[in-house]
Amino acid sequence: MTVTTPSAPHDSQPALKIALLGAGTVGSQVARILTEDAEMLAARVGARLELAGVFVRNPDGRRDYQLPRELYTTDAEALVDSADIVLELMGGIEPAKSLIERAIGNGSAVVTGNKALLAQSGSELFAAAAEAGTQLSFEASVAGAIPILRPLRDSLAGDTVTRVMGIANGTTNYILDQMDTTGAAFDDALADAQELGYAEADPTADIEGHDAAAKAAILANLAFHAPFRIDEVYCEGITRITAADNEAASEAGYVIKLLAIAERITAGDGTAGAVLRVHPTLLPREHPLAAVRGAFNAVFVETQNAGELMFYGPGAGGAPTASAVMGDTVSIARRLVRGGAGRTHTPRSVVPALPVGEARTSYMVVIRVADRPGVLAAIASAVAEHGVSIESMRQVPLAEDDLVVEESDEAYTDEAPESLLRIITHEAKEQNLAATVATIKELDVVTEVVSVLRVEGN
Ligand SMILES: NC(=O)c1ccc[n+]([C@@H]2O[C@H](COP(=O)([O-])OP(=O)(O)OC[C@H]3O[C@@H](n4cnc5c(N)ncnc54)[C@H](O)[C@@H]3O)[C@@H](O)[C@H]2O)c1
Ligand SMILES: N[C@@H](CCO)C(=O)O
Ligand code: NA
């Protein structure tokens, strides 16, 4: 791609044409930076970054950052065809995928923050970019402003990453943090997160864990140098967390966070692979991840030689994410000015995604039991039956007014007081824990399994 030399006498520097697709929360901030920091960027790149146009649904709409009307267009194809670097900040699968493929086909470089698209079709797009000898960069797609993907792909390329664990969705962390620190209601905290520009266009992606799952697939792709897709990620969001879960967590000195975990393990049948999972997780309040506030993200990377690394920063929001987009843009622009092939990401290893049942983690199981002799022994034997060992067990007698006595609840009388049994297990296989819970539910001393949550960082 040749750098064009503008005719205007006052602009002695060559110019690179930038196409911006989408001018929402992130796109409008990228437009602002390209405009307000034009001189700084030109000095840093060695060429002017010239905004060729902005693809939007409605050129006459009002935006967070208003560009001259003539820059807005509804003709995405013509804009893409005119650009050296295409910034895809629309979200969704189509028309984003087709426009990225068009840009790559033109030999243009692409920057995207679209984790949903990369977690579904990343391998295909990476291969197309490698084939075309152009660059597809996507630092903004995981953990917002935090430079995590380039370190995984480049800085740690000579090491072996064994596990990546972190808070990778800002919206759910903001919600959980508001609920934990201010007692805010779920819906109010979600509305705030949307207002603050953290949430996806459809926030279901955030609260049901799909966004974090997409990021887990991308992190695993770069960490393990192998292709992974979102449908290989076990995914549980935060909408099923109950007040009882929060109470049990708080009483036991834990906080609930939505974690994305990608770890290399060997399955029971000897297959070496990786388990990718996203779920609400109990963390001890003193754990560094427990202290992550608001829409911040934090990712731990465990490696064979570097040991454990932690990356921390704003995981969502227009300006922080625009910072990551601009980092990729400047890096690509510098290469275009000096020439040379684009750096591509072509995962070559084969690391099978293993079922979540093979994952090993600790659990907190809270059970409501009749308070009578033999209960603890019955529970302990049910747990041992499935190869799960107990780290601690605490019984909390329930005052009568703690109990919701249903009409049909004949079993409950003054003679049979109840208590809550809180069990923390040692690491156990997911499938063994599931079998244990099923057995416990059948015991006649058990009124209810109140809560089952995974525990990390014990
Ligand atoms: N908001 C964040 O904090 C954040 C952080 C990291 C990555 N991202 C990703 O960046 C991308 C953009 O996110 P956002 O928060 O700016 O979203 P947004 O919804 O605020 O903005 C998207 C913009 O693209 C436009 N758009 C979408 N589909 C279009 C179409 N078919 N035709 C024309 N215009 C279209 C929308 O009108 C909107 O202006 C998404 O892929 C998102 O997942 C967002
Ligand atoms: N909705 C996403 C945006 C950043 O990817 C989040 O809350 O983390
Ligand atoms: Na990032």
Side-chain angles (χ1 to χ4, degrees), residues 20-31 54-59 61-65 72-77 79 87-100 111-120 137-153 166-176 190 192-215 218-219 222 237-238 258 260 278 292 294-299 311-328:
L20 178 57
L21 308 182
T25 302
V26 181
S28 59
Q29 291 303 310
V30 168
V54 186
F55 171 54
V56 291
R57 284 197 177 97
N58 170 17
R62 297 302 306 157
R63 289 171 177 83
D64 296 350
Y65 184 79
Y72 295 109
T73 176
T74 56
D75 186 349
E77 287 74 11
L79 176 59
L87 312 183
E88 185 278 310
L89 294 169
M90 299 186 296
I93 303 302
E94 286 296 357
K97 184 178 182 209
S98 301
L99 290 169
I100 288 175
V111 177
T112 182
N114 195 333
K115 41 275 176 37
L117 174 59
L118 292 177
Q120 175 187 282
S137 295
F138 46 99
E139 184 63 63
S141 66
V142 178
I146 305 172
I148 174 83
L149 298 184
R150 199 172 286 127
L152 281 175
R153 188 193 60 197
I167 295 167
N169 179 270
T171 299
T172 46
N173 200 65
Y174 177 86
I175 292 168
L176 293 169
L190 173 57
D192 286 353
Q194 289 178 284
E195 183 60 31
L196 291 163
Y198 300 148
E200 295 303 301
D202 173 359
T204 308
D206 297 294
I207 60 178
E208 291 300 353
H210 308 319
D211 180 67
K215 292 164 176 173
I218 296 168
L219 283 167
L222 290 159
I238 65 169
L258 185 72
V278 165
V292 177
F296 275 64
N297 285 187
V299 180
F311 298 81
Y312 172 80
T321 307
S323 166
V325 171
M326 288 311 301
D328 280 345

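Read the numbers this way: they start at 1 and go in the same order the structure lists the ligands and their atoms. The residues of the chain are indexed from 1 along the displayed sequence.
Inclusion of G22 in the set of residues having an N or O under 3.5 Å from an N or O of ligand 1 is not warranted. Checked by distance only, ligand 1 and G317 come closer than 3.5 Å through their nitrogen or oxygen atoms. Of the N or O atoms in P95, none lie within a sub-3.5 Å distance of an N or O in ligand 1.
The shell of residues lying under 4.0 angstrom from ligand 1, judged by heavy atoms, excludes G92.
Heavy-atom proximity to E200, at under 4.0 Å, picks out these atoms of ligand 1: 42 (C), 43 (O). Contact atoms of ligand 1 toward K115: 7 (C), 8 (N), 9 (C), 42 (C), 43 (O) (distance under 4.0 Å to a heavy atom of the residue).
Residue E139 approaches the Na ion (ligand 3) most closely through its N/O/S atom O.
Taking a distance limit of 4.0 Å, we find that atom 17 (O) of ligand 1 is approached by no protein heavy atom.
Here the Na ion (ligand 3) is the vertex; the O atom in G144 and the O atom in V142 give an angle of 100° (to 10°).
The proximity of T321 to ligand 2, defined as any non-hydrogen pair under 4.0 Å, does not occur for either the backbone or the side chain. Contacts with ligand 1 closer than 4.0 Å are made by heavy atoms of both the backbone and the side chain of T25.
None of the N, O or S atoms belonging to A324 lies under 3.0 Å away from the Na ion (ligand 3).
Ranked by closest heavy atom to atom 8 (O) of ligand 2, the top entry among A199, G170, G315 is G170.
The nearest protein atom to atom 2 (C) of ligand 2, hydrogens excluded, is given as E200 OE2, 3.2 Å; this is a heavy-atom distance. Here the heavy atom of the protein found nearest to atom 7 (O) of ligand 2 is T171 OG1, 2.6 Å. Nearest non-hydrogen protein atom to atom 5 (C) of ligand 1 is T321 OG1, 3.1 Å.
Although no hydrogens or angles enter the test, the distance criterion places a donor-acceptor pair under 3.5 Å between the side chain of E88 and the main chain of G91.
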